[in-house]
Amino acid sequence: MNKNISDLLPVFWKSALLFLLVYLYMGLRLAPFGDEAWDWFMVDKSVYIAAGRPGLAAYLTLAAGHGVPYAYCIATAAFFALAVCLQISLLKVESQVAQFSFAALQVAVVQYSYTMIDSFLADAVMLGVAISSLSFWLVSRGDTQWFHVLGAVLCAAAAASVYQLILLVIPVLYLAYALRTMGERNVREHLRLGFKTAGVCIAAVALYHGVRVACMGLAAEGVAESVAQYQNSLVTWGQLDIVTHVLHIGKQWCMHLVGAAYPGECLYATTLIPVLLYSAIIVRDAGRAGLEKLFYLALPVAIYVLPFLPIAALGEDQGARLFLAEPLACASLWALLIMKKGWLLKPAQSVAACVLVSLFVLKACYTVSDIAFYQYRIFRENQTEYWELKNRIAQVENKAGFATGTVPVVFSGHWQSELRKADKYNSCIINPSDVFFYSFIGDRQVKDTASSSTPGKELNEKLNTMPTWPDPGSTVYHNGEIIVKF
């Protein structure tokens, strides 16, 4: 690496502590939820395999931290720190102020909080971010050998098998690396590295797809069909005329760029400042020709907009947890700007930068604790309704001739509480129906519609004839299962 491991150890510990400072409260608050979710995963991990995430299923199966209190939060912080060390080494972030800003801004953009809500998945996702960073580090080596390329492909494929959209970290890192080495390499060298990076990503996607197909046979019968139906429903292209749809996507994309798409995203709007300043620096550089200047002008803009590419790919805005490259984009642009020649040469300027970044971190602490507390309220609210549902299921079960707790329960849809309808975190947190879902673990086997033993088409036809909760007809016995429709 560009830095010795001993030089990166302080960065590792500082990054881990920064992450825990912001997210430890959330990890402690939601740890019971993560433990119950783990229990469900151990019952039926084929949902993740069918969703194209065999690496996630493998990691969770092999993870040794299960049963250790709050191990998920600690492991997530460690993998975050590892990713930061790889990225700092790759981007040659040498100034201590820039290093602090790079790590702090990644945690201050609270996108990771929406990953931490799924606490038992958070460490696996953050490991995927670290592995994808390692992939580009291997690609960027000037003396790249065949085994470096092979390692990069394997790392990228492994990251995609944990969570497909983690792959967006690699092109964002490439763009940041090109911006960092603007004066050290010419455009031809940057383009050559870009083609190499694209080739590695294409090969990784092909390898990942092969592994996904090979593992699909491990999924329970009927799961793959139901998961495929759900994933196809995420793609909304063709539902509107092309002009209306493009304008709709553009509006949603702009909402993210100005930090107004989900609670806590406001910090990302400040990323526009380094984009504009970098653009001004490049425009004023008289030593660059027209096409060369255009290439470098495109770099900060591309870093700024690329994390939200899934909106265009799927045709609709997505949950906050999908934009995993967003913290890296914000942090890299600010850190690289701080390292520009002539910036922060005076101690007073360095102190001012650290104070400003610290304020961002404190704001993130407030936002994350607010999200965590709201999620906890959703998790614990309305116990009366929980017991009513539990008693209703027992009645249906006994009426069908079975002992209480012996028939699997399938949950469909999303329970809408009054708190969820009125709160600002409406579309960002775990669906409250999942609270019911996990609350029944320990009493019986519980499933979602993707893991139901009833074929997808038959199950959909049955659901179409049922009213929704709390109507008495919303809980029925069918094909060896009790179906609850929210």
Side-chain angles (χ1 to χ4, degrees), residues 19 34 37-38 40-42 44-66 71-84 86-87 106 111-139 151-173 200-216 218-219 223-224 227 230-231 234 307 309-310 313 318-328 450:
F19 189 91
W38 177 282
W40 167 72
F41 168 78
M42 295 308 291
D44 192 358
K45 65 192 68 143
S46 61
V47 172
Y48 291 101
I49 296 174
R53 298 170 190 166
L56 178 60
Y59 172 81
L60 293 175
T61 302
L62 298 173
H66 177 51
Y72 314 117
C73 190
I74 296 171
T76 305
F79 291 142
F80 168 77
L82 176 62
V84 169
L86 287 166
Q87 293 158 4
Q106 285 207 53
Q111 189 276 336
Y112 287 145
S113 65
Y114 299 100
T115 301
M116 285 294 293
I117 287 174
D118 272 334
S119 54
F120 84 117
L121 302 178
D123 54 337
V125 173
M126 202 61 70
L127 176 60
V129 173
I131 292 174
S132 61
S133 302
L134 177 60
S135 175
F136 182 68
W137 181 83
L138 291 170
V139 174
V153 171
L154 292 175
C155 287
S161 70
V162 172
Y163 207 92
Q164 295 91 330
L165 291 176
I166 290 177
L167 276 182
L168 276 178
V169 169
I170 296 177
V172 170
L173 270 177
V200 165
C201 289
I202 292 171
V205 169
L207 176 60
Y208 154 74
H209 183 68
V211 173
R212 174 183 179 175
V213 171
C215 292
M216 200 60 73
L218 300 175
V223 172
V227 171
Y230 164 73
Q231 291 179 330
L234 297 177
L309 186 62
Q318 303 298 317
R321 71 193 70 189
L322 268 66
F323 304 112
L324 289 165
E326 187 177 1
L328 173 62

Could you measure the distance from the [atom1] atom of [X] to the [atom2] atom of [Y]? Nearest 0.5 Å is fine.
X      : Y      : atom1 : atom2 : value
Cys155 : Phe136 : SG    : CZ    : 13.5 Å
Tyr163 : Leu322 : OH    : CG    : 4.0 Å
Leu165 : Leu324 : CG    : CG    : 7.0 Å
Gln106 : Leu328 : CD    : CG    : 5.5 Å
Ile74  : Phe79  : CD1   : CZ    : 12.0 Å
Ile170 : Cys201 : CD1   : SG    : 4.5 Å

Show the nearest heavy-atom pair for residues [X] and [Y], with the distance to one decimal.
X      : Y      : result
Ser132 : Ile166 : OG-CG2, 3.7 Å
Gly128 : Ala159 : O-CB, 3.6 Å
Ser135 : Ala152 : OG-O, 2.8 Å

message: side-chain contact (heavy atoms from CB on, under 4.5 Å), that's the test. Do Val162 and Tyr59 meet it? Break it down for me.
response: CA-CA 8 Å; Val162 172; Tyr59 172 81; 5.7 Å; no
pair [X]-[Y]: side-chain heavy atoms closer than 4.5 Å:
X      : Y      : value
Phe80  : Val129 : no
Pro307 : Leu168 : no
Val172 : Gln87  : no

Qualifying residue, where the test is side chain to side chain contact (heavy atoms under 4.5 Å, CB included) with Ser133 and the options are Leu82, Val84, Leu86: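 The single option meeting the side chain to side chain contact (heavy atoms under 4.5 Å, CB included) with Ser133 is Leu86.
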- request: Assess whether side-chain contact (heavy atoms from CB on, under 4.5 Å) is satisfied between Leu207 and Leu154, documenting all intermediate values.
  value: CA-CA 8 Å; Leu207 176 60; Leu154 292 175; 3.7 Å; yes
query: Checking Tyr208 side chain against Gly52 main chain: does a donor-acceptor pair fall under 3.5 Å?
result: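 At least one qualifying donor-acceptor pair exists.
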